[in-house]
Amino acid sequence: MFSYRHAFHAGNHADVLKHITLVATLQHLQLKEGGLTLVDTHAGAGLYRLDGDYSETGGEAQDGIFKLLGTLDALAAKKGAKPLPQALQAYLDMIASFNPQGQAKVYPGSPFILHHLLRKQARDRIRLFEMHPTDSKSLAANVAQLDAGRSIMLAREDGFESLKKLLPPPASATGSKRAMVLIDPSYEIKSDYPKVSASIQDCLKRFPTGTYLVWYPIIARTEAHDLPRRLKTLSNQSQKPWLNATLAIGRNTDGSSAGLSASGMFVINPPFTLKEKLKEALAVVGPALARGTGHSWEVEHS
Ligand code: SAM
């Protein structure tokens, strides 16, 4: 338990898919005035250096954000290059705002992405949970720099359990109850898969109108294969719309170890614009990150 450290993986293809989806979803929800409760059940450390020891060891950003930025730079240099899809541009703008010197040296994790988009006037509030002893300390130190007051609260608690206390969310100043929840476990233990399903089942009972985002790895493991199927069934049983976006970057043809090569984002009660936005974004991101064989992307929906 707790061998997973997100710093080794920050900015990889899975983060690219996850964070494009997160930004596009939240930006749409924020078109309405009412304040949002934003929950990140598995928060990580919050902020990562892409030139630090961890990321160099993993080097996963090379096949993720670095490759994406490099490919887009090359495309932009060509005459007649088209503007980027809105969801992709919004994600890149967010990354750029953390790297004012130009080069991407810092990668924001989900807590910092949420904070970047937080609307103080609307009284959005962020609730973060992180269990790892070191990462929860790093997260606390990183969040302390934000001077965010009570708009952010964090705890070294089990995100699955603590989520229950937060739903339904309190009413905002406009009287509406609104929440977006990101469930992003490391799946280092098999029990994370049934815990995600059980948590979604519980969330849909406690607060059926919330927007729920679940990241999952696409790997040769029965539990991983079953999870999106189970989430579809739970959404359909509750008569809630869903969307399932997947990105597979393919396997190196030279046979070198490629690590995780595919993942998905399952969204329950997605904004109605998300399907088109993700299709447009992945039509650029998919080919930009593709390598070797077996690369693909898809946006499936109810
Ligand atoms: N959401 C982060 C992001 O997008 O930047 C990345 C999170 S990482 C994939 C998963 C994190 O969950 C790890 O930092 C791990 O220590 C933490 N974790 C594992 N089990 C947990 C639990 N039951 N509750 C809260 N955090 C947990």
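All ligand and atom numbering here is 1-based and tracks the order in the structure. Values in this document were obtained by computation on a predicted structure and should not be read as measured data.
Where the criterion is an N or O separation shorter than 3.5 Å, residue side chain and backbone included, Asp15 fails it with respect to ligand 1. The N/O atoms of Phe160, backbone and side chain alike, include none that comes under 3.5 Å of an N/O atom in ligand 1. The shortest N or O to N or O distance between Tyr48 and ligand 1 is not under 3.5 Å. At a 3.5 angstrom cut-off on N or O pairs, Glu188 does not count as close to ligand 1.
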| task | Evaluate the salt bridge (charged side-chain N to carboxylate O under 4.0 Å, His left out) criterion for residues Asp135 and Arg5: first the C-alpha distance (whole Å), next the side-chain angles of each, then the deciding distance (0.1 Å), finally the verdict. | result | CA-CA 8 Å; Asp135 280 356; Arg5 307 289 305 279; 2.9 Å; yes
| message | If you apply the rule salt bridge (charged side-chain N to carboxylate O under 4.0 Å, His left out), what do you find for Glu298 with Lys279, and how did you get there? | response | CA-CA 8 Å; Glu298 193 183 7; Lys279 278 186 182 171; over 6 Å; no
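Side chain to side chain, Ser263 and Trp215 meet the donor-acceptor criterion of an N or O pair below 3.5 Å. Residues Tyr187 and His42 have side chains that never bring a donor and an acceptor to within less than 3.5 angstrom of each other. Counting only N and O atoms by type, the side chains of Thr211 and Asn269 include no donor and acceptor under 3.5 Å apart. Between Thr174 and Glu33, the side chains place no donor N or O within less than 3.5 Å of an acceptor N or O (distance only, hydrogens not considered).
The residue from Glu130, His9, His42, Lys18 that puts a heavy atom closest to atom 15 (C) of ligand 1 is Glu130. The option from Met131, Glu161, His132, Glu157 that lies nearest to atom 26 (N) of ligand 1, judged by heavy atoms, is Met131.
Listed by atom number, the atoms of ligand 1 under 4.0 Å from Gly159 heavy atoms are 22 (C), 24 (N), 25 (C). In summary, the atoms of ligand 1 found under 4.0 Å from a heavy atom of Ala43, numbered by their order in the structure, are 1 (N), 2 (C). Each of the atoms 1 (N), 2 (C), 3 (C), 4 (O), 6 (C), 7 (C), 8 (S), 9 (C), 10 (C) of ligand 1 lies under 4.0 Å from some heavy atom of Asp184. Heavy-atom contacts of Gly109 reach the following atoms of ligand 1: 5 (O) (cutoff under 4.0 Å).
In Thr41, the part holding a heavy atom less than 4.0 Å from any atom of ligand 1 is the backbone. The residue Ala45 has no part lying near ligand 1, judged by heavy-atom distances below 4.0 Å.
Classification of the Phe266-Trp242 ring pair by plane angle, with boundaries at 30° and 60°, yields parallel.
At a threshold of 4.5 Å between non-hydrogen side-chain atoms, the residues Lys67 and Arg291 count as touching.
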